Every structure is written in C-alpha cells, then in structure tokens.
Amino acid sequence: MLESPNKIKSLIKEMCQPFINIGEVVTGSSNERKLIDLLKDFLNDIAEEVNVQRISVMSWQGIHGEVAIGGEVFEATPLPYTPSGDVDSRIIFVGNSIEERGLSKKDVEGKILLYESFDDVDEIESQYLEAVDYGALAFIVFDKYPSRKRKIVIKGDYEYRYEPSTPPPIPAVHLRREEGLKILDLISRGNNYCHIHVKSNVTLSAEGFNLEAYVTYGKDKYVLLTAHHDHWFTCLTDNIIGLLLMLIIAKNIKRTLHQTLNTLVITSFTAEESGAPGYAGWYWIYGSRKYIEYLDKRDMTNNIDLVINLDAIGGEKLEVYTSNIGIIEPFRNIFEQYVDKIIPHDMPYFDSFNFSYLRGIPTITFTSFNYINDIYHSDVDNYDNIKWNTIISSYQVLQKLLRNVLNKDLRKSIRYSKYIELLYDEVTKFEVPVELKLNIYRLYQYIKKAEELNEYEHLFKLVNRLSKVAPKPIFEGDYRHDYGKFNVKYFPKVLTGRDIELIEKAIKCLIHNNVDEAIDYLKKVPSKRVVPGTEHILFSLNIKPLISILKVHGIKYKHLILIKLKEAKEILLRVLDSACKEYIELINEFIKDLYEVIN
C-alpha cells in the first residue's frame with residue numbers, strides 16, 4: 001500500500017535537512033566527503049554491501065566576487081571554472097549578444113562586457129565564449145529572472161571533447177537581475193568605468209567519490225537505481241530530491257521485499273555537474289563514466305538489465321526518457337498513471353546516457369529537467385519553488401516500478417520489436433531509399449520471429465549492440481553562432497533528407513519570387529551536424545552567404561542562387577545515398593546474426 005502524499009512529503013522533508021545543512025557539494029570538495037559519510041551512515045542499516053569508488057576529478061570552487069561602479073559595490077557570484085582576477089576597464093552593455101546588437105570587435109575589445117542572460121540560462125556559456133572571441137577583459141552577466149544567484153559552467157573552447165581543453169581565460173561573474181539593472185542605470189548616467197574582482201580556487205587533481213550499495217541480492221542480473229550527489233548551492237531539484245528518493249525507495253524495498261529475482265544496486269555519482277579533468281569540454285556526467293569503467297573491470301556491465309536514473313525532479317511536470325522504448329511496454333500502465341510524457345530516447349545531460357550510449361544498456365530517467373529553467377542551478381531551488389505533486393508522483397511510480405522490475409526476468413519482458421518500430425518511424429520521416437526501409441522492416445520481422453521463439457538472451461544482447469550505434473548525440477549548427485541543446489537522433493545521417501526537402505521548398509519559393517519564404521526554409525538548414533564528444537562532423541553545408549544575398553538583393557540574383565541551391569541539393573543527395581548504404585550494411589549484419597538464430 002502506498003503512503004499518503006502528506007506522509008511522503010513529511011518523510012522527504014525530514015530526510016532533507018541533514019543534506020541541506022552540508023551546503024553546496026562540489027565534486028572533490030570537503031563537503032563531498034561529508035555527504036559520502038552521511039550516505040554511508042544511512043546505508044549501513046539497509047545495504048548488504050557498500051563500496052566507494054575514488055576517482056580523480058578537477059575541483060573548482062568560487063570564493064568571492066564583486067563588481068564596483070559609480071561608487072557602488074555589488075556582490076557577484078563567480079561562475080564555475082572562472083579564473084581569479086582583478087580588472088579595471090570601461091564597461092559596455094551588449095544585451096544578449098554582441099552580434100545581435102550589431103557591435104563590432106572595435107566597439108568591445110579591451111572592455112568589461114555586461115550581458116543579460118537568455119531565457120535558456122545554459123547559454124551563458126555561449127555568451128562568455130563570444131566575449132572571449134571579441135577580446136573582452138572580463139565578463140558579467142545578470143539573470144533573466146529576478147532575485148537569484150546562479151552558477152553555469154563556462155568554458156575556454158567551443159568544442160565538447162572528452163579530452164582536456166583550454167581553461168576559461170578571463171574572469172566571469174553572475175549578478176542578480178536587480179543588480180544588473182542598477183548597473184545599467186549607472187552606465188546610462190555616465191559611469192563607464194568598472195572594477196571586477198574574482199577569487200576562485202581550482203584543484204586539478206582532487207578526489208571525488210562514487211558510492212554503490214547492494215540493497216538486495218538476487219541472481220546475477222542487476223537493476224541499478226542511480227542519482228548524482230554533487231550540486232551547486234543547495235539545489236533541491238538538482239539533485240537532493242533525486243538522491244533522497246533513491247534512498248527512501250531502497251529502504252522500502254529492503255524492508256518489504258526479502259527476496260528478489262534481480263539484484264538491486266543503488267549508486268550515487270560524483271562529477272555530474274562538473275569535474276572532468278583538465279577543463280574537458282564535456283565536463284559533466286564524468287563520475288558515471290568512470291563508474292562504468294569500474295563495472296567493466298569487475299565484469300558486471302553485461303549483466304546489467306536496467307538503469308533507472310533520477311535527476312532534476314520537482315518541476316511542473318514529470319517526464320521519462322528511455323533509451324529503449326521496449327522496456328516501457330511491460331509497465332506502460334504504471335507509467336501512464338504517474339508520468340506526463342515518455343520520450344523514446346536518452347539525453348546527453350543525464351548520467352543514464354553513459355550507460356545507454358557507451359554500453360547499450362536499457363535506461364530510464366525520471367526528470368523535470370524541461371520545467372526548472374527559472375530555478376536551475378540557482379539559490380532559489382528550494383522548498384518555496386518546487387512542485388510537490390511531481391515529487392510525490394515520482395515516489396509512487398518508483399515504488400510500483402521497482403517492485404515489478406526486481407521480480408521479473410527483464411530480458412523476457414522487453415518488447416524488442418518496439419525498438420525497431422521506433423527506428424523505422426524515425427528513419428522514414430524523410431525521403432530515404434526504399435532499400436533502407438525494407439532492411440529495417442526485415443530486421444523487425446526477424447526480431448518478431450525471435451521473440452516468438454523466446455530467444456530473449458540473444459535479442460537482449462543484439463538490441464543492446466544496436467543501441468550503441470543507432471542513436472547519436474547531435475548538435476545542429478555552428479557552436480560559435482548557433483544556440484541550442486544537444487538532441488539524440490537515430491541514424492542521424494538520414495537527417496540530410498530533411499535538408500534536401502527544405503532546399504527543394506526554397507527552390508520552389510524562389511521560382512515564384514517568394515523570397516522571404518525561401519529564406520525561412522533555408523534558415524532551417526544547419527551549417528553543420530556534429531556529434532559532440534568526438535566532434536565528428538556528419539554534415540557541413542554553408543548556405544548563409546546565399547541567405548545574405550537574398551536578404552540584401554531580393555530576386556536580383558535569383559538565377560545564381562537557384563544554380564547554387566541545385567548544386568547543394570545534388571551534393572546532399574550523394575551524402576544521403578552514402579549514409580543509407582552505410583546503414584543498410586550495418587542492418588544487414590544484425591539480420592545475418594538473427595537469421596542464424598531463427599533458422
């Protein structure tokens with residue numbers, strides 16, 4: 001029987017206080033050690049075995065920041081990874097972007113630049129890099145939302161490689177919106193000189209901690225329940241609530257299920273928010289990446305049947321991201337009772353992504369990530385601003401789900417054919433060769449046949465292998481000029497089909513002299529399609545010069561533009577043809593594998 005909402009709320013609040021009392025938990029800090037001790041104390045009563053994995057991390061901590069202008073001094077929050085520094089110079093307000101404001105390098109070089117953050121506050125990172133590119137001496141950003149401090153990691157390089165990268169070169173601080181507007185008023189009254197002071201500390205080789213606990217022992221198959229424990233300020237949604245839900249659920253499971261078919265392991269990760277060594281461009285979800293290496297050494301990875309991850313819970317809605325839609329099907333009635341939306345892919349911002357992308361393991365992440373932007377990484381991520389209904393729903397769905405998955409043979413329960421259905425739907429959104437469609441359909445038929453023959457062990461391994469190669473994290477555009485988050489796409493090279501369709505529509509518009517409509521279509525064609533992490537470029541086509549000509553001259557050079565667009569279309573058709581041949585060959589390997597099993 002499930003507890004009442006009031007009891008759940010009371011229990012979480014009671015458990016929350018010791019974690020809040022620790023304060024901000026930066027990976028590799030003394031506060032992380034305190035938190036690990038707190039976790040161990042709690043788990044000693046319920047876990048069969050508790051292990052701590054020590055990993056080398058980079059630990060950055062902000063100590064002090066201030067901005068002085070016009071005789072006034074404003075407290076400022078050092079942005080993560082900022083260097084220490086003192087800068088005196090002229091200050092200029094550049095809005096959201098130097099480029100959008102129409103300023104030149106000559107206007108801003110050698111100055112302190114004041115920005116207002118975008119609605120998507122993660123783009124503070126992009127604003128900082130723009131300031132560096134234009135030769136700024138220091139960077140100040142004030143928040144889009146009132147009355148909050150915020151911490152967003154800044155970088156010294158546009159790319160997101162896993163390897164060490166360039167440290168941020170100039171001091172950077174965040175201001176509450178109110179202070180930012182006061183500074184704007186001071187600038188408008190002729191106070192053009194500013195002093196910025198930043199003090200931070202970075203330990204390039206600190207020690208972070210992953211903690212795992214075996215809650216129940218079953219057979220040699222594992223279900224992992226995970227959350228990260230590092231957090232800026234004392235952020236409840238990100239991720240004290242997720243951590244507490246993991247602990248409470250584990251305690252309930254231990255108390256009420258004396259025996260389970262699958263072994264339940266709960267794991268708390270370090271270095272989710274920051275900490276990848278050497279200022280790596282992909283600085284987040286590093287602790288879980290190292291944990292997977294730890295599991296590999298113990299020959300456990302191939303025996304993990306499911307990872308359930310909890311991150312950023314407590315926004316307006318509760319969503320589920322899953323790397324294998326087939327794992328949802330046996331429990332769909334449970335999800336539909338409590339979850340607002342099911343997204344059929346993992347996300348590169350969650351620890352679960354390392355399990356699904358690097359090892360093909362089925363994952364489910366519960367999150368409100370898309371609904372916490374206003375409080376994200378801020379000091380107002382607290383009791384006053386979290387949505388208890390979402391937290392209570394998370395608790396209830398997890399209770400039901402864990403009781404089911406721990407006592408089911410998950411490899412027999414997964415609907416593997418559903419994954420192939422999704423793959424087919426994603427690939428056929430655009431015009432692709434019939435042979436590719438037929439091959440995916442043939443793979444679907446073979447998997448259906450293997451399901452009928454109960455070849456579950458083989459199917460589990462095969463679909464896991466497919467899950468490592470079919471989906472990729474994708475950024476569409478140029479890091480320097482385009483904003484937006486990473487997406488996950490299945491067989492992403494077929495997105496070239498969408499680009500071809502857009503160019504064809506633009507050509508038709510130009511033939512009929514509809515310049516504005518043609519420009520709208522061409523703007524949707526990205527200049528690049530990149531796989532972050534490896535930075536492999538899947539596609540590159542710069543048609544921005546053609547857009548510029550159309551904006552300035554209209555149909556004057558229509559004939560020339562049409563020739564260039566037709567050339568671009570031919571190039572893309574060859575790219576798409578090559579990509580489809582690659583995917584057909586890949587799918588054929590899986591078909592051959594299954595053919596031997598079902599015949």
Side-chain angles (χ1 to χ4, degrees), residues 23-24 26 60-98 101 103 107-108 110-119 121-132 134-154 168-202 232-235 373-382 384-385:
E24 183 172 79
V26 177
W60 176 95
Q61 291 181 280
I63 298 169
H64 180 67
E66 65 180 33
V67 175
I69 180 173
E72 296 195 46
V73 178
F74 301 93
E75 179 191 0
T77 301
L79 287 169
Y81 289 15
T82 180
S84 297
D86 285 273
V87 178
D88 289 282
S89 186
R90 291 178 65 86
I91 185 170
I92 181 170
F93 177 59
V94 298
N96 295 132
S97 165
I98 297 168
R101 208 167 176 85
L103 298 170
D107 296 324
V108 300
K111 297 181 175 65
I112 296 172
L113 301 189
L114 175 66
Y115 282 75
E116 179 181 12
S117 74
F118 285 107
D119 290 342
V121 293
D122 263 333
E123 296 298 348
I124 287 173
E125 170 199 296
S126 302
Q127 292 173 308
Y128 175 83
L129 286 167
E130 181 192 61
V132 171
Y134 276 79
L137 294 182
F139 172 87
I140 305 170
V141 61
F142 65 87
D143 213 89
K144 180 75 177 178
Y145 303 90
S147 307
R148 66 207 62 205
K149 299 177 181 179
R150 198 185 297 272
K151 291 184 178 179
I152 303 294
V153 175
I154 55 170
I170 63 174
V173 296
H174 174 275
L175 293 172
R176 294 185 183 93
R177 182 167 185 79
E178 292 81 355
E179 277 81 7
L181 295 177
K182 285 179 185 176
I183 290 174
L184 273 182
D185 180 58
L186 288 167
I187 292 172
S188 71
R189 289 192 274 122
N191 297 281
N192 297 317
Y193 280 87
C194 177
H195 172 77
I196 177 172
H197 167 74
V198 183
K199 178 67 175 172
S200 64
N201 180 62
V202 62
W232 303 118
F233 301 104
T234 52
C235 289
N373 188 63
D374 55 336
I375 62 172
Y376 176 68
H377 289 185
S378 78
D379 63 344
V380 296
D381 183 354
N382 54 34
D384 295 332
N385 294 303

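This one's a predicted model, so the numbers in the text were calculated from it and none came from an experiment. Along the sequence shown, residues are numbered consecutively beginning with 1.
Counting all heavy atoms, side chain and backbone alike, R150 lies closest to D374 at NH2-O, 3.0 Å. Across all their heavy atoms, P78 and I63 have their closest contact at CG-N, 4.3 Å. Minimum heavy-atom separation, V94 to V108: CG1-CG1, 4.1 Å. Taking all atoms of both residues into account, the shortest heavy-atom contact from S117 to N96 is O-ND2, 3.4 Å. In this structure, C235 and S378 approach most closely via the heavy-atom pair SG-O, 3.5 Å. F74 and K182 get closest at one heavy-atom pair: CE2-CD, 3.9 Å.
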### Query
Stepwise, does the side chain to side chain contact (heavy atoms under 4.5 Å, CB included) test hold for V380 with S147?
CA-CA 8 Å; V380 296; S147 307; 5.9 Å; no
### Query
What do the steps show when you test L79 against V173 for side chain to side chain contact (heavy atoms under 4.5 Å, CB included), and what is the final call?
CA-CA 5 Å; L79 287 169; V173 296; 5.7 Å; no
### Query
Going through the checks in order, is the side chain to side chain donor-acceptor pair (under 3.5 Å) test met by E130 and S97?
CA-CA 8 Å; E130 181 192 61; S97 165; 2.9 Å; yes
### Query
Going through the checks in order, is the side chain to side chain contact (heavy atoms under 4.5 Å, CB included) test met by L129 and S126?
CA-CA 5 Å; L129 286 167; S126 302; 5.8 Å; no
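In this structure, W232 and P80 have side chains that are in contact, with non-hydrogen atoms separated by less than 4.5 Å. Using a 4.5 Å cut-off on side-chain heavy atoms (C-beta onward), Y128 and L113 make no contact. Between P171 and V87 the shortest side-chain heavy-atom distance falls below 4.5 Å. Between Y376 and V121, some side-chain heavy-atom pair lies under the 4.5 Å cut-off. At a threshold of 4.5 Å between non-hydrogen side-chain atoms, the residues I187 and I183 count as touching. With a 4.5 Å cut-off on side-chain heavy atoms, W60 and V153 do not count as touching. Taking 4.5 Å as the limit, every side-chain heavy atom of V202 sits out of range of all side-chain heavy atoms of Y81. A 4.5 Å side-chain heavy-atom check between I196 and D86 finds every atom pair outside the cut-off.
Each of H377, E24, H174 was checked for a side-chain hydrogen bond (donor to acceptor under 3.5 Å, both in side chains) with K151, and the lone residue meeting it is E24.
To the nearest 0.5 Å, atom CG of residue D143 and atom CD of residue E178 are 9.0 Å apart. D381 CG to I375 CD1: the interatomic distance, rounded to the nearest 0.5 Å, is 4.0 Å. Rounding to the nearest 0.5 Å gives a distance of 7.0 Å between OG of S89 and NZ of K111. Put simply, SG on C194 and CD1 on I69 are 5.0 Å apart, with the number rounded to the nearest 0.5 Å. With rounding to the nearest 0.5 Å, the separation of CD1 in I152 from CG in D122 is 5.0 Å. Within the model, atoms CZ of R177 and CD of E179 stand 12.0 Å from one another, a figure rounded to the nearest 0.5 Å.
Side chain of N191 to backbone of L186: a donor-acceptor contact under 3.5 angstrom is found. Judged by distance alone, with hydrogens and angles left aside, the side-chain atoms of T82 form a donor-acceptor pair with the main-chain N or O of A172 at under 3.5 Å. Proximity of a side-chain donor or acceptor of N373 to a complementary backbone N or O of D119 within less than 3.5 Å is detected. Within the 3.5 Å criterion, the main-chain N or O of Q61 finds no donor-acceptor partner in the side chain of S200.
Pairs engaging residues 62-79 under the side chain to side chain donor-acceptor pair (under 3.5 Å) rule: H64-E66, E75-K149 [sequence neighbours left out].
Taking a cutoff of 4.0 Å between a charged side-chain nitrogen and a carboxylate oxygen, R148 and D379 do not qualify as a salt bridge.
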Can you give each donor-acceptor pair under 3.5 Å made by side-chain atoms of residues 134-142, sequence neighbours left out, with the distance rounded to 0.1 Å?
none

